[in-house]
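Input: a single structure, listed below in structure tokens.
Within every chain, numbering begins at 1; the chains are lettered A, B, ... in the order of the sequence lines, protein sequences first and strands thereafter. All values reported here derive from a predicted model rather than from experimental measurement.
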2 protein chains.
Amino acid sequence: MRPIIHPAITDVTVEGILYALSDPVRVEIFMSMAAADCAKPCSAYGEVKNRKLPKSSLSQHIKVLREAGLIRSQRQGVEIRNTTRCTELADKFGDLISGIVNAYQRQNSAKRKSKRA
Amino acid sequence: MRPIIHPAITDVTVEGILYALSDPVRVEIFMSMAAADCAKPCSAYGEVKNRKLPKSSLSQHIKVLREAGLIRSQRQGVEIRNTTRCTELADKFGDLISGIVNAYQRQNSAKRKSKRA
DNA sequence: TACAATAGTTCCAGAATATTGAACTATTGG
DNA sequence: CCAATAGTTCAATATTCTGGAACTATTGTA
């Protein structure tokens with residue numbers, strides 16, 4: 001079987017990151033992964049906004065995140081565990097990622113608030 | 001003629017911004033606009049990376065930036081002058097935009113450096 | 001070794017988006 | 001009113017995305 005490929009941090013680009021995070025499903029996955037306390041399998045991210053993703057779509061989305069350099073995936077037995085590359089990314093891109101995540105979080109909490117009202 | 005439509009700042013979303021800026025041509029346009037000292041017509045952004053954009057494409061890209069809430073366009077005689085909405089955006093999204101722009105700028109200056117070498 | 005169960009990936013056809021030349025609209029100067 | 005300039009819209013083509021079905025990979029069990 002071929003190994004899972006990750007770009008070197010030097011090959012990670014801003015446009016790649018923005019593209020990957022410009023999809024609402026993918027940011028959700030990424031943010032949820034960033035919030036996780038340990039590496040979780042792909043299937044842990046299979047539900048987004050109360051909608052179950054087809055597994056081929058989930059696989060594609062995770063691949064996009066991986067190839068953009070945002071996450072790292074490694075096989076652990078029958079499943080593939082995923083983590084963000086936030087530390088490396090922060091070294092290279094400063095507060096780009098955290099800025100995006102924070103903006104999303106603020107937006108989401110504002111949305112939840114207005115829904116309750 | 002119908003007026004040019006801009007979203008209210010309250011309707012501007014993070015995903016919309018990321019989507020708009022995930023295109024290399026559009027970030028170039030946006031960054032160049034942000035760097036401009038005064039409002040310039042669309043045609044001022046018609047050349048990106050030494051390649052002349054077809055004007056229908058330029059028009060589309062500017063429309064995407066406008067509808068994402070990133071820029072403001074207003075007719076001034078025969079041309080349409082464009083400015084960024086950076087101030088409003090910073091109020092709403094903190095350092096999201098500046099983080100993106102800074103990351104891009106660092107990346108571009110690194111690229112230029114390695115080309116020279 | 002074989003097979004079943006689980007987790008993901010790949011393939012590919014249909015759906016959705018993006019690109020761009022050509023035709024069109026808007027504004028102004030003469 | 002006409003010509004020139006600046007952009008927009010239309011529509012055909014091209015590219016990218018989505019997701020079901022078939023496939024591969026790993027492990028546990030017999």
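In this structure, B:Ser43 reaches the D:dG7 phosphate: one of its side-chain N or O atoms is under 4.0 Å from OP1 or OP2. Taking side-chain N and O atoms only, B:Ser56 has no distance below 4.0 Å to OP1 or OP2 of C:dT20. Look at B:Ser57 and you won't find any side-chain N or O under 4.0 angstrom from OP1 or OP2 of C:dT19. In this model, the phosphate group of C:dG8 is not approached by any side-chain N or O of A:Ser59 to a distance below 4.0 Å at OP1 or OP2.
Between the CG atom of B:Leu53 and the C1' atom of D:dT8 there is a distance of 15 Å, rounded to whole Å. The CD1-C1' distance, from A:Ile71 to C:dG8, rounds to 13 Å in whole Å. As a whole-Å value, the separation of A:Ile62 CD1 from C:dT10 P is 13 Å. A:Ile5 has its CD1 atom 16 Å from the C1' atom of C:dG8, to the nearest Å. Atoms CD (A:Gln60) and C1' (D:dT16) sit 11 Å apart, rounded to a whole Å. Rounded to an integer number of Å, the gap from B:Lys55 NZ to D:dT8 C1' is 9 Å. B:Gln74 has its CD atom 19 Å from the P atom of C:dA26, to the nearest Å.
Screening A:Arg85, A:Gln74, A:Glu67 for a side-chain contact (heavy atoms from CB on, under 4.5 Å) with A:His6, the sole residue that qualifies is A:Arg85. Exactly one residue among B:Arg26, B:Arg66, B:Glu28 makes a side-chain hydrogen bond (donor to acceptor under 3.5 Å, both in side chains) with B:His61. That residue is B:Arg26.
Taking only side-chain atoms of A:Asp23, from C-beta outward, the nucleotide of D:dT18, D:dA22, D:dG7 with the closest atom is D:dT18. Set against C:dT20, C:dA7, C:dA26, the side chain of A:Val78 has C:dA7 as its closest nucleotide. The nucleotide whose nearest atom lies closest to any side-chain atom of A:Ile80 is, among C:dT9, D:dT26, D:dT9, C:dT9.
Under 4.0 Å is where a charged nitrogen must lie from a carboxylate oxygen, and between B:Glu88 and B:Arg72 at least one such pair does.
Relative to the six-membered ring of A:Phe93, B:Arg106 misses at least one condition, a distance below 6.0 Å or an angle of at most 45° to the axis.
Comparing A:Tyr19 and A:Gly77 by the nucleotide of DNA chain D that holds the closest heavy atom to each, the one mapping nearer the 5' end is A:Tyr19.
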